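Just so it is clear: chains get the letters A, B, ... in the order the sequence lines come, proteins before strands, and each one is counted from 1. Fair warning: this is a prediction, and the values are worked out from it, not measured in the lab. What you see below is based on every heavy atom in this structure, not just the backbone, and it leaves out hydrogens, waters and symmetry mates.
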Amino acid sequence: MKHLIEQLVGSALAALPPGTLPGDRPAGVPVVERTRDAAHGDFACNAALQLAKAARTSPRKLADAIVAALPPSDLVSRVEIAGPGFINFFLAPAAYQTEIARVLDAGKAYGRTASGSSRRAIVEFVSANPTGPLHVGHGRHAAFGATLANLLEAAGYGVHREYYVNDAGRQMDILAASVWLRYLELCGEEFAFPSNGYRGDYVRRIAADLEAAEGGRLRRATHEVFEALPPDEPAGGDKDDHIDAVVHRMRSLLGDADFRRVFDLGLGDILGDIRQDLEEFGVTYHRWYSERSLADEGAIDRALALLREQGHVYEQDGAQWFRATAFGDEKDRVVVRENGQKTYFASDIAYHLEKRERGFDLLLDVLGADHHGYVARVRAGLEAMGQPGDSLEVRLVQFVTLFRGGEKVQMSTRSGEFITLRELRREVGRDAARLFYVMRSNDQHLDFDLELAKSRSNDNPVYYVQYAHARVSSVLRQLADRGLAFDREAGVAALGLLDDPHEQSLMRTLTRWPELVDLAAAQRAPHMVVHYLRELATAFHAYYNALPFIVDDGAVRNARLALVLAAQQVVRNGLEILGVSAPETM
RNA sequence: GCCCCGGUAGCUCAGUGGAUAGAGCGGCCGCCUCCUAAGCGGCAGGUCAUAGGUUCGACUCCUAUCCGGGGCACCA
């Protein structure tokens with residue numbers, strides 16, 4: 001509907017007498033927006049205010065000229081100039097009526113727009129190291145990333161969802177060592193578990209699987225394992241040196257093949273768990289991209305070669321550095337360490353280059369707020385490799401704090417006492433979790449209230465919105481119980497009868513949905529969908545309480561039913577984007 | 001020191017440079033013989049952190065300052 005007004009204003013501006021306006025119009029003009037106050041009509045345009053200066057006239061006079069040049073439209077009933085020079089548009093009832101009919105016709109496609117114009121976007125999110133189960137922080141990433149991807153898709157982007165699996169590197173080696181040490185314990189060995197090892201119960205579970213599969217074949221004596229290793233922190237040493245030595249010893253005692261066997265068992269188990277967890281959360285991916293495969297297929301070497309060819313790599317202190325400062329980063333970055341190992345950063349830029357090579361226009365990464373420093377360097381890497389730096393867009397997600405009632409739930413990763421996503425889902429349910437996670441802007445720290453998320457009360461926005469959907473279904477059941485059926489044609493034909501303020505308000509709100517999708521997608525702002533749905537539910541509940549739908553007058557009845565069915569459709573479409581169910585009954 | 005995010009009603013938060021700054025919760029007062037009261041209506045509640053600046057117009061943009069969170073690795 002907004003599009004219609006924009007077209008009208010566009011043609012009016014083009015039809016102004018030559019010389020009225022300077023040749024070049026500033027970008028973003030004219031702006032057409034919904035009015036906040038119904039007294040100002042349905043849409044307002046500020047073109048006269050923005051262009052008056054350049055046109056060397058007063059805003060009111062320019063507004064007069066624009067209005068005079070507006071092409072006639074039977075969907076606009078009235079145009080007013082108000083305030084300092086706003087042009088206010090009052091839509092004709094027919095405009096809303098055709099839009100309601102459009103909602104019913106389009107069904108779940110209502111709100112899908114083409115503004116993304118088929119740009120191909122790859123959205124990478126969660127990508128947690130497979131060293132343990134997902135915790136509540138990852139849950140926010142999952143919900144935010146999945147909803148953002150859905151939004152972009154609705155706005156016409158071609159969207160690919162990807163999880164980058166860090167299945168190489170030191171942390172995974174430490175996990176493998178942790179599993180093996182727990183296995184040795186099961187075999188009867190006794191020793192002090194490294195302070196930097198992974199201590200969660202899941203490690204013991206994987207160790208038990210290892211024991212079941214291998215028996216005592218991989219057992220080595222404690223003295224063999226720990227002999228002459230640098231001391232752990234409690235013994236006055238360095239915990240990193242210690243755990244690295246344990247990994248090294250494990251590799252030499254078991255050999256590469258068996259080391260890999262333990263490693264893969266841990267990786268497979270945890271990754272499978274993460275995958276199942278996310279699936280149960282309604283979060284799925286097109287691809288789980290293996291970091292190891294990057295190295296195996298030479299992608300990292302190719303990226304580094306590309307950097308060298310361009311002359312952006314130099315050697316210093318035995319390491320190889322990428323001249324990131326030449327591309328706006330604050331310092332140069334090591335790509336190959338003194339010991340010959342490629343850094344995590346090297347595989348990162350290789351991965352992002354590979355994303356570009358797969359043809360994606362927009363590389364959208366969802367990362368924790370603590371990763372912000374990483375943006376400039378990957379962008380620098382892309383540019384150095386001849387890719388546009390702004391093809392990478394990073395959305396940072398702030399931290400989550402759990403509350404139970406008014407009490408903050410203490411969490412500590414160190415002690416292993418962190419709450420997992422699975423536990424949270426079991427406690428509050430998938431729908432509440434999905435909605436609560438994206439209720440706040442990603443830039444905002446999130447206080448997640450478990451009691452509120454669980455409460456079956458009017459305080460809980462999940463139920464409030466779902467209830468609106470269920471109520472419409474309930475009305476339809478009542479209709480059937482009374483031996484009546486909804487006549488869509490009759491309803492659409494009679495929409496002109498809906499002149500109650502509650503009906504007007506509901507129509508205005510629900511027809512805003514396509515605009516909301518565009519806006520929320522453009523702003524990468526899933527929380528806008530939640531706020532909108534709450535507003536839509538409010539308009540619906542108010543209507544529900546004010547007027548009966550199942551009335552004797554068939555025309556009025558069918559018209560009202562057409563309206564509430566359209567509202568239900570929009571609620572369902574919105575919940576779909578959020579990954580929240582739309583129940584028929586509560 | 002440098003970089004990122006936040007500071008808006010008692011609380012939790014919305015607010016694409018526009019008209020009188022909004023919502024939910026909490027507080028107070030009301031509404032079920034009627035399609036689900038998991039609902040609805042009303043009232044009270046604000047120096048938009050502070051000080052400058054840009055603009056016809058600033059919660060929104062710029063600069064500085066204060067407060068809170070996070071980041072500044074040859075870690076992942």
If you check the A:R471 side chain, which of B:A76, B:U36, B:C5 turns out closest?
B:U36

Closest to the side chain of A:A470, out of B:C74, B:U36, B:G18, is B:U36

Between B:C25 (C1') and A:K454 (NZ): distance, integer Å:
18 Å

Please check if any side-chain donor atom of A:R140 sits under 3.5 Å from a side-chain acceptor atom of A:Q398, or the reverse.
no

Euclidean distance, atom NE2 of residue A:H445 to atom P of B:C5 [Å, nearest integer]
12 Å

Within-4.5 Å side-chain heavy-atom neighbours: A:L49 and A:N46
yes

Can you tell me, in whole Å, how much space there is between the C1' of B:C59 and that of B:G22?
12 Å

Could you walk me through whether A:V397 and A:Y437 pass the side chain to side chain contact (heavy atoms under 4.5 Å, CB included) check?
CA-CA 11 Å; A:V397 175; A:Y437 268 135; over 6 Å; no

Tell me which nucleotide among B:A76, B:C40, B:C35 gets nearest to the side chain of A:Q171.
B:A76

Establish, from distance only, whether the side-chain atoms of A:Y344 and A:Q171 form a donor-acceptor pair under 3.5 Å.
no

No-H, no-angle donor-acceptor pair, A:N88 side chain to B:A19 base, under 3.5 Å:
yes

Applying the Watson-Crick and G-U wobble criteria at under 3.5 Å, what pairs with B:C59? Answer none if nothing qualifies.
none

Phosphate oxygens OP1/OP2 of B:A23: is one of them under 4.0 Å from a side-chain N or O of A:R440?
no

Under-4.0 Å side-chain N/O to phosphate OP1/OP2 contact, A:R36 with B:A19:
yes

For the residue pair A:E291 / A:N166, report whether a side-chain donor-acceptor contact shorter than 3.5 Å exists.
yes

Nearest whole angstrom, please: distance from the C1' of B:A73 to the CG of A:D240.
12 Å

A:L367 CG to B:C5 P, in whole Å, measures 14 Å

Assign A:A369 to base, sugar-phosphate, or nothing according to its heavy-atom contacts below 4.0 angstrom with the strands shown.
sugar-phosphate

Check the orientation of A:Y163 and A:W288. Use parallel for under 30°, tilted for 30 to 60°, and perpendicular for over 60°.
parallel

I want to verify a distance call: between B:U36, B:C13, B:C40, whose nearest atom is closest to the A:H531 side chain?
B:C13

Quick one: label A:D449 by what it contacts on the DNA or RNA (base, sugar-phosphate, nothing), any heavy atom closer than 4.0 Å.
nothing

When you check the side-chain N and O atoms of A:E330 and A:T325, is any donor under 3.5 Å from an acceptor?
no

Are B:A14 and A:H527 stacked, with the base six-membered ring and the side-chain ring centres under 5.5 Å apart and planes under 30°?
no

Closest to the A:L396 side chain, choosing from B:U36, B:C4, B:C40:
B:C4

Between A:H445 and A:R440, do the side chains contain an N or O donor and an N or O acceptor separated by less than 3.5 Å?
no

Can you check the A:K61 NZ to B:C56 C1' distance for me, whole Å?
16 Å

Write down the distance between CD (A:E535) and C1' (B:G24), rounded to a whole number of angstrom.
13 Å

Mind checking whether A:V336 and A:Q341 have side chains closer than 4.5 Å, heavy atoms only?
no

With the six-membered base ring of B:G70 as reference, does the ring of A:F399 sit under 5.5 Å away with planes under 30° apart?
no

Among B:U20, B:A37, B:G18, find the nucleotide with the atom closest to the side chain of A:Y544.
B:A37

Tell me what A:A52 touches on the nucleic acid: a base, only sugar-phosphate, or nothing, going by heavy atoms under 4.0 Å.
nothing

Kindly determine whether A:Y164 and A:S347 satisfy side chain to side chain contact (heavy atoms under 4.5 Å, CB included), including the steps that lead there.
CA-CA 11 Å; A:Y164 183 59; A:S347 48; 3.9 Å; yes

With distance as the sole criterion, do the side chain of A:H372 and the base of B:C3 form a donor-acceptor contact below 3.5 Å?
yes

So does A:Q444 get a side-chain nitrogen or oxygen closer than 4.0 Å to the phosphate oxygens (OP1/OP2) of B:A14?
yes

Could you tell me if A:Q504 and A:R508 have a donor-acceptor pair between their side chains, going purely by distance under 3.5 Å?
no

Identify, between A:F549 and A:D317, the residue whose nearest nucleotide on RNA chain B lies closer to the 5' end.
A:F549

Which heavy atom of A:K331 sits nearest to which heavy atom of A:A324, and what is that distance?
O-CB, 3.5 Å

Check whether any side-chain nitrogen or oxygen of A:S474 sits under 4.0 Å from OP1 or OP2 of B:C35, and answer yes or no.
no

Whole angstrom is fine here: how far is it from OH in A:Y464 over to C1' in B:G24?
10 Å

For A:D42 and A:K2, what are the C-alpha separation, side-chain angles and deciding distance, and is it a salt bridge (charged side-chain N to carboxylate O under 4.0 Å, His left out)?
CA-CA 9 Å; A:D42 296 292; A:K2 179 177 165 186; over 6 Å; no

Using whole Å, what does the distance between atom P of nucleotide B:A37 and atom OH of A:Y467 come to?
5 Å

Any side-chain donor-acceptor pair under 3.5 Å between A:T538 and A:Y464?
yes

Which one, B:C74, B:A76, B:A19, comes nearest to the side chain of A:Y344?
B:A76

Rounded P spacing from B:C13 to B:A51 in Å:
25 Å

Give the B/S/- string for nucleotides 29-34 of chain B, one per nucleotide from 5' to 3', where a protein heavy atom under 4.0 Å of the base yields B, of only the sugar-phosphate yields S, and otherwise -.
------

Syn within 90° of 0, anti beyond: B:C29 is anti

Contact class for A:T585 (heavy atom, under 4.0 Å): base, sugar-phosphate, or nothing?
base

Within residues 328-335 of chain A, residues whose heavy atoms come under 4.0 Å of RNA chain B
A:E330, A:K331, A:V334

Ignoring hydrogens and angles, are the base of B:U16 and the side chain of A:E33 linked by a donor-acceptor pair under 3.5 Å?
yes

For A:A537, report the nucleic acid contact type (base, sugar-phosphate, nothing); a contact means any heavy atom under 4.0 Å.
nothing

State whether the distance check finds a donor on one side and an acceptor on the other, under 3.5 Å, for side chain A:D370 versus base B:G71.
no

Just compare B:C35, B:A37, B:C56 and give me whichever is closest to any side-chain atom of A:L49.
B:C56

Return the pairing partner of B:G45 with a 3.5 Å limit on both distances, Watson-Crick or G-U wobble; otherwise return none.
none

Residue mapping more 5' on RNA chain B - nearest nucleotide basis, A:A542 or A:D447
A:D447

Using Watson-Crick or G-U wobble geometry with both distances under 3.5 Å, which nucleotide pairs with B:C11?
B:G24

So what does A:M528 touch, heavy atoms closer than 4.0 Å: a base, only the sugar-phosphate, or nothing?
sugar-phosphate

Can you tell me, in whole Å, how much space there is between the P of B:C5 and that of B:U63?
12 Å

Atom C1', compared across B:C48 and B:U60: separation rounded to whole Å
10 Å

What contact category does A:L561 fall into here, base, sugar-phosphate, or nothing, at under 4.0 angstrom with non-hydrogen atoms?
nothing

